[in-house]
Amino acid sequence: MTIKRVFLAAALGAAMALGGSAAAADNTGDAALKAAIAGSARTPANVVRDGARHPYETLSFFGIKPTMTVVELSPGAGWYTEILAPYLREQGKLIAAGSDPQGSEGARRSAARFQQKLDTNPAAFDKVEIGAFSPPSTYRIAPKGTADMVLTFRNIHNWIPVGEDGLKVLFGQVYDSLKPGGVFGVVEHRLPANKPQDATASSGYLHEAYVIRLAENAGFRLAGKSEINANPKDTADHQGGVWALPPTYANKDVDRAKYEAIGESDRMTLKFVKP
């Protein structure tokens, strides 16, 4: 075999090896994230909702990595916290910015419930840092320019009552907390563009274009949209708003079968980047 043929054969073999490695990586995906989603830290009732909330696909779309500093705004009862905390525990950091432990009596009770949840499983949750996020007054999110990613899931409709000026401050605080190149990941109930959005978002639904405008006005660039959490069955015109749907069933047994057949809400999934 000539030297030229030997070289070509070696190059071809290397290319095939690299191709095989790439394919294996694609097949494996983020093994650590998959492990966190399958982990014992999760509440069984939360796991049941994976088919509607798509945590692996959603977090992968946002580009999460286990070495990141991530802020979760308004974590509520901790549905995503149960995934994020163990995933980030060893190499990264999770800051849970929710009810203010130093705030009103109601906020203190809510913060105490969340802390109690964390305390029940220190092996998974002991490194979670506690911030505070209580618009329009409290934004202990992260020191300026230190977060790689800020995430919020189905919360923006709750912020609308602070008004346009308050929203400018709020989105500005999120923007400031991120490093250049940092990601703001949003999942929110989506109102069809041909339906009116009221001033307080009382139905729980928002226009996608409106959410994009709020973020872009703060300086963010829209880096991508995903239909991961879309539900074309959701018409967004239910008695009692989005809460008529599962898992809340605000109307109790009234039309329950209809709402069960629809499933959880249609949701926008938006990835913004700080330039």
Test of understanding: clusters of I, L, V, M, F, W, Y form through side-chain heavy atoms closer than 4.5 Å, transitively. Do Leu191 and Met268 belong to the same one? no
In terms of side-chain geometry, is the basic nitrogen of Arg109 or Glu105 positioned less than 4.0 Å from the acidic oxygen of its partner? yes
Check whether any side-chain heavy atom of Met149 lies under 4.5 Å from a side-chain heavy atom of Phe62, and answer yes or no. yes
Going through the distances and angles, do Ser265 and Asp234 end up as a side-chain hydrogen bond (donor to acceptor under 3.5 Å, both in side chains)? CA-CA 6 Å; Ser265 67; Asp234 180 16; 4.8 Å; no
Between Phe220 and Tyr175, what is the ring plane arrangement, given parallel below 30°, perpendicular above 60°, and tilted in between? perpendicular
Side chain proximity check, Pro247 to Glu264, heavy atoms < 4.5 angstrom: yes
Polar side chain donor-acceptor pair, Asp100 to Ser134, under 3.5 angstrom: no
Measuring from atom NZ of Lys225 to atom CD1 of Ile228, what distance do you get when rounded to the nearest 0.5 angstrom? 14.0 Å
Check the hydrophobic clustering (I, L, V, M, F, W, Y; side-chain heavy atoms under 4.5 Å; chains of links allowed) and say if Ile95 and Phe114 are grouped together. no
Taking the side chain as every heavy atom from C-beta outward, state whether Phe184 and Thr152 have any pair of such atoms under 4.5 Å apart. yes
Separation between CD1 of Ile130 and CG of Leu118, rounded to the nearest 0.5 Å: 5.0 Å
Kindly give the heavy-atom pair with the smallest separation between Pro101 and Arg140, and that separation in Å. CD-NH2, 4.0 Å
Inter-residue atom distance Lys271.NZ - Leu151.CG, 0.5 Å rounding: 11.0 Å
Side chains of Gln239 and Asn251: donor-acceptor distance under 3.5 Å anywhere? no
The test is side chain to side chain contact (heavy atoms under 4.5 Å, CB included); show your working for Phe272 and Val183 and say whether it passes. CA-CA 6 Å; Phe272 299 99; Val183 171; over 6 Å; no
side-chain hydrogen bond (donor to acceptor under 3.5 Å, both in side chains) for Tyr139 and Asp176? Distances and angles first, verdict last. CA-CA 11 Å; Tyr139 298 104; Asp176 288 346; over 6 Å; no
Between Ser74 and Trp159, the two heavy atoms sitting closest are OG-NE1, 4.2 Å
Could Arg256 and Tyr249 be counted as a cation-pi pair, given that NZ or CZ must be under 6.0 Å from the ring centre and within 45° of the axis? yes
Is Tyr80 close to Pro75 at the side-chain level, that is, under 4.5 Å between some pair of heavy atoms? no
Have Glu72 and Thr81 got a donor and an acceptor in their side chains that come within less than 3.5 Å? yes
Can you tell me how far the CG atom of Asp266 sits from the OG1 atom of Thr235, to the nearest 0.5 Å? 10.0 Å
Taking the side chain as every heavy atom from C-beta outward, state whether Leu73 and Val150 have any atom pair closer than 4.5 Å. yes
Out of Leu33, Asn46, Val47, Asp50, which residue meets the side chain to side chain contact (heavy atoms under 4.5 Å, CB included) rule with Pro55? Asp50
Of all heavy-atom pairs linking Tyr56 and Lys34, the shortest is CE1-CG, 3.4 Å
Return yes if some donor-acceptor pair links the side-chain N/O of His207 with the main-chain N/O of Lys195 below 3.5 Å, else return no. yes
Exercise: identify the closest heavy-atom pair between Thr58 and Asn229: OG1-ND2, 3.1 Å
Are the charged groups of Lys93 and Asp148 less than 4.0 angstrom apart, N to O? no
Single-linkage hydrophobic cluster Leu84~Ile141, side-chain heavy atoms < 4.5 angstrom: no
Strictly below 4.0 Å, N to O, side chains only: are Asp126 and Arg89 in salt-bridge contact? yes
Would you please indicate yes or no on a ring centroid separation below 6.0 angstrom for His238 and Tyr259? yes
Polar contact flag, side-chain donor to acceptor under 3.5 angstrom, Ser99-Ser110: yes
Would you kindly confirm whether Val128 and Val71 end up in one hydrophobic cluster when ILVMFWY residues are joined by side chain heavy atoms under 4.5 Å apart? no
Do Tyr87 and Asp30 have a side chain donor and acceptor closer than 3.5 Å? yes
Sidechain N-carboxylate O distance under 4.0 Å for Arg267, Glu227: no
Begin from the C-alpha positions of Arg190 and Leu206 and carry the test side chain to side chain contact (heavy atoms under 4.5 Å, CB included) through to its verdict. CA-CA 5 Å; Arg190 178 165 51 192; Leu206 294 173; over 6 Å; no
Could you please spell out the steps behind the side-chain hydrogen bond (donor to acceptor under 3.5 Å, both in side chains) verdict for Asp198 and Ser203? CA-CA 8 Å; Asp198 69 68; Ser203 69; 5.1 Å; no
Give the ring-plane orientation class for His189 versus His157, where under 30° counts as parallel, over 60° as perpendicular and anything between as tilted. tilted
Is there side-chain contact between Thr138 and Phe133, with heavy atoms separated by less than 4.5 Å? no
What I want to check is whether the side chains of Thr43 and Glu82 have a donor and an acceptor closer together than 3.5 Å. yes
Would you mind reporting whether Leu245 and Ile262 have side-chain heavy atoms less than 4.5 Å apart? yes
Would Gln197 and Tyr210 count as a side chain to side chain contact (heavy atoms under 4.5 Å, CB included) if you check the C-alpha gap in whole Å, the side-chain angles of each, and the deciding distance to 0.1 Å? CA-CA 9 Å; Gln197 176 182 308; Tyr210 173 73; 3.4 Å; yes
Could you measure the distance from the NZ atom of Lys144 to the CG atom of Leu178? Nearest 0.5 Å is fine. 13.0 Å
Nearest-0.5 Å distance that lies between atom CD in Glu208 and atom CD in Glu188: 11.0 Å
Can you find a pair of side-chain heavy atoms, one from Ile160 and one from Leu167, that are under 4.5 Å apart? yes
Using the rule that two of Ile, Leu, Val, Met, Phe, Trp, Tyr join whenever any of their side-chain heavy atoms come within less than 4.5 Å, decide whether Val187 and Leu214 are in one cluster. no
Of all heavy-atom pairs linking Trp79 and Arg53, the shortest is CG-NH1, 3.3 Å
Arg213 vs Asn217, test: side chain to side chain contact (heavy atoms under 4.5 Å, CB included). Steps then yes/no. CA-CA 6 Å; Arg213 178 175 66 79; Asn217 285 349; 3.5 Å; yes
Ala236 versus Pro192, closest heavy-atom pair with distance: CB-CD, 3.6 Å
Within a reach of under 6.0 Å around NZ of Lys117, are more than 12 heavy atoms found that belong to other residues, nucleotides or ligands? yes
